[in-house]
Peer 1: 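Sharing a structure with you now.
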Amino acid sequence: MLADPFVHPALFYRGDREYVDATTAFIREGLAADEPVAVAVPAANLRLIESALGADAARVRLLNMEEAGRNPGRIIPGVLRSFADRHTGGHVRIIGEPIWAGRSSTEYPACAQHEALINLAFTGRHVTILCPYDADRLDPEVLREAELTHPVLQDLKGEWASDAYDPHHVVREHNRPFPEPSGFAVLRFDRDNFAAARGLAVGLATELGFDGARLDDIRLVVAELCANSLDYGGGAGDIRVWAEADRLVCEVADKGHITDPLAGREPVDPRIAGSRGLLIVNLLSDLVRVHTRAGGTRIRAYFDIPAR
């Protein structure tokens, strides 16, 4: 039986020099083999790589992960698959750094689940995705979970198999009930008052300074979440909206159960009929958190409040 052509190593680095040496070596190996290469890392690290590559940077797809991967649920369809699916004739190399020291505790569970689900999304694909982890600045628990989500580990000294590898454990561990907000507006909706659910979210969003295209995004995300409740969640649901720190939160809860761990994370061919609601939610939101179990699902979509 042939080994899986998909490779998913975690790179534990300390300091800029180790980071640049390891990432540029990975990139140049790919370029020398005429492999398509993409790099999606935080802006400061992207500048380090681009500077070190010099003229070779023009041969690499460079993305700021703080923008492209603001919502971890968007990274597989919007970054990784978006690049890999355009290059199916040979092996593809990608550097993806979805977890950095500036990620919040609210974002981290979605990041960890993303890292676990990469393994499911790319099984059998001729792709290598290298995921750097800042061993100096990240919490030890984050580094421990990297050993669970990556079958291969690397540092300055070499490469070894992860004895702790168990991505399904990470997906389950972060599928937890959410903390309750301190205050919110709530509406019970069904097919008769579907528009009122959108109106509740748009009303608060407008008060918080959202307008134009971003307000349309919020309206569409809430419409897709509520439509899923009507179609798959028992025909009704509850929407709650509130402001939390610097974000608008729109939460929809119903009696459905999401059993596909990649729901909303796979690209959808627009020529094929079918539901793509959760994909739209992931692509348009700044963060999406999901808690799902038999008998109930609760989804929170977060939107960064615009600077006034």
Side-chain angles (χ1 to χ4, degrees), residues 40 43 63-82 98 103-104 106-107 109-111 113-114 178 181 184-187 189 193-233 237-254 256 258 262-270 274-292 297-308:
L63 296 168
N64 180 357
M65 187 65 98
E66 293 172 71
E67 297 175 356
R70 181 76 176 101
N71 170 27
R74 184 163 67 220
I75 298 173
I76 290 176
V79 178
L80 305 180
R81 284 284 304 274
S82 177
R103 284 289 202 186
S104 69
T106 304
E107 294 168 338
C111 294
Q113 287 182 318
H114 156 75
F178 303 129
F184 51 84
V186 61
L187 175 72
F189 66 88
N193 65 340
F194 180 80
R198 293 196 305 264
L200 184 70
V202 169
L204 178 55
T206 302
E207 291 178 19
L208 294 173
F210 291 92
D211 59 14
R214 201 58 180 141
L215 194 62
D216 289 339
D217 290 344
I218 294 168
R219 182 181 289 109
L220 179 55
V221 164
V222 170
E224 293 293 344
L225 288 174
C226 293
N228 279 351
S229 295
L230 299 180
D231 293 339
Y232 309 111
D238 294 292
I239 180 171
R240 303 194 298 181
V241 298
W242 67 92
E244 179 179 293
D246 56 352
R247 284 170 166 161
L248 165 70
V249 188
C250 301
E251 177 193 88
V252 173
D254 57 42
I258 300 173
L262 288 175
R265 297 176 187 259
E266 295 186 290
V268 177
D269 187 334
S275 174
R276 49 183 58 85
L278 286 180
L279 175 61
I280 291 172
V281 171
N282 270 323
L283 293 177
L284 296 182
S285 304
D286 292 311
L287 175 67
V288 177
R289 295 284 309 279
V290 178
H291 175 236
T292 186
T297 291
R298 192 174 296 271
I299 300 178
R300 290 183 177 179
Y302 296 73
F303 301 89
D304 296 337
I305 296 174
R308 294 184 182 275

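In this chain, numbering begins with 1 at the start of the sequence shown.
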Peer 1: Between Val221 and Phe303, is there a side-chain heavy-atom distance shorter than 4.5 Å?
Peer 2: yes

Peer 1: Working note: Arg300 + His291, criterion side chain to side chain contact (heavy atoms under 4.5 Å, CB included); need CA distance, chi angles, decisive distance, verdict.
Peer 2: CA-CA 9 Å; Arg300 290 183 177 179; His291 175 236; over 6 Å; no

Peer 1: Where do Thr292 and Gly256 come nearest, in terms of heavy atoms and distance?
Peer 2: OG1-O, 4.5 Å

Peer 1: Under 3.5 Å, side chain of Asp217 to main-chain N/O of Leu284, donor-acceptor pair present?
Peer 2: no

Peer 1: Rounded to the nearest 0.5 Å, how far does SG of Cys250 lie from CD1 of Ile218?
Peer 2: 6.0 Å

Peer 1: Is there a donor-acceptor contact under 3.5 Å from the side chain of Arg74 to the main chain of Ala68?
Peer 2: yes

Peer 1: Considering only NZ, NE, NH1 and NH2 on the basic side and carboxylate oxygens on the acidic side, decide whether Arg276 and Glu224 come within less than 4.0 Å.
Peer 2: no

Peer 1: To the nearest 0.5 angstrom, please state how far the OG1 atom of Thr297 sits from the OH atom of Tyr232.
Peer 2: 13.5 Å

Peer 1: Locate the shortest heavy-atom distance separating Thr106 from Arg289; write the atom from each residue and the value.
Peer 2: O-NH1, 2.9 Å

Peer 1: Can you tell whether the side chains of Asp304 and Arg214 come within less than 4.0 Å, N to carboxylate O?
Peer 2: no

Peer 1: To the nearest 0.5 Å, what is the distance between CZ on Phe189 and CG on Leu187?
Peer 2: 8.0 Å

Peer 1: Between Glu107 and Tyr302, is the side chain to side chain contact (heavy atoms under 4.5 Å, CB included) condition met? List the steps.
Peer 2: CA-CA 10 Å; Glu107 294 168 338; Tyr302 296 73; over 6 Å; no

Peer 1: Please name the pair of heavy atoms, one in Val222 and one in Ala201, separated by the smallest distance, quoted to 0.1 Å.
Peer 2: CG2-CB, 3.6 Å

Peer 1: Minimum heavy-atom separation for Phe194 to Ala227, with atom names?
Peer 2: CE1-N, 3.6 Å

Peer 1: Quick one: does Arg103's side chain get under 4.5 Å of Pro72's, heavy atoms only?
Peer 2: yes

Peer 1: Could you measure the distance from the OG atom of Ser229 to the CD1 atom of Ile239? Nearest 0.5 Å is fine.
Peer 2: 9.0 Å

Peer 1: Which heavy atom of Met65 sits nearest a heavy atom of Ala40, and at what distance?
Peer 2: CE-O, 3.4 Å

Peer 1: If I take atom CD1 from residue Ile258 and atom CD1 from residue Ile299, how far apart are they, to the nearest 0.5 angstrom?
Peer 2: 4.0 Å

Peer 1: Testing the basics here: between Leu283 and Pro77, what is the closest heavy-atom pair and its distance to 0.1 Å?
Peer 2: CD2-CG, 4.5 Å

Peer 1: Taking Arg240 for the side chain and Val249 for the main chain, is one N or O donor matched with an acceptor at less than 3.5 Å?
Peer 2: no

Peer 1: Hey, could you give me the CZ/CZ distance between Arg81 and Arg265, rounded to the nearest 0.5 Å?
Peer 2: 13.5 Å

Peer 1: Checking Arg219 side chain against Val202 main chain: does a donor-acceptor pair fall under 3.5 Å?
Peer 2: no

Peer 1: Apply side chain to side chain contact (heavy atoms under 4.5 Å, CB included) to residues Val281 and Leu220 and explain how you reach the verdict.
Peer 2: CA-CA 8 Å; Val281 171; Leu220 179 55; over 6 Å; no

Peer 1: Is there a donor-acceptor pair closer than 3.5 Å between any side-chain N or O of Asn71 and the backbone N or O of Asn282?
Peer 2: yes

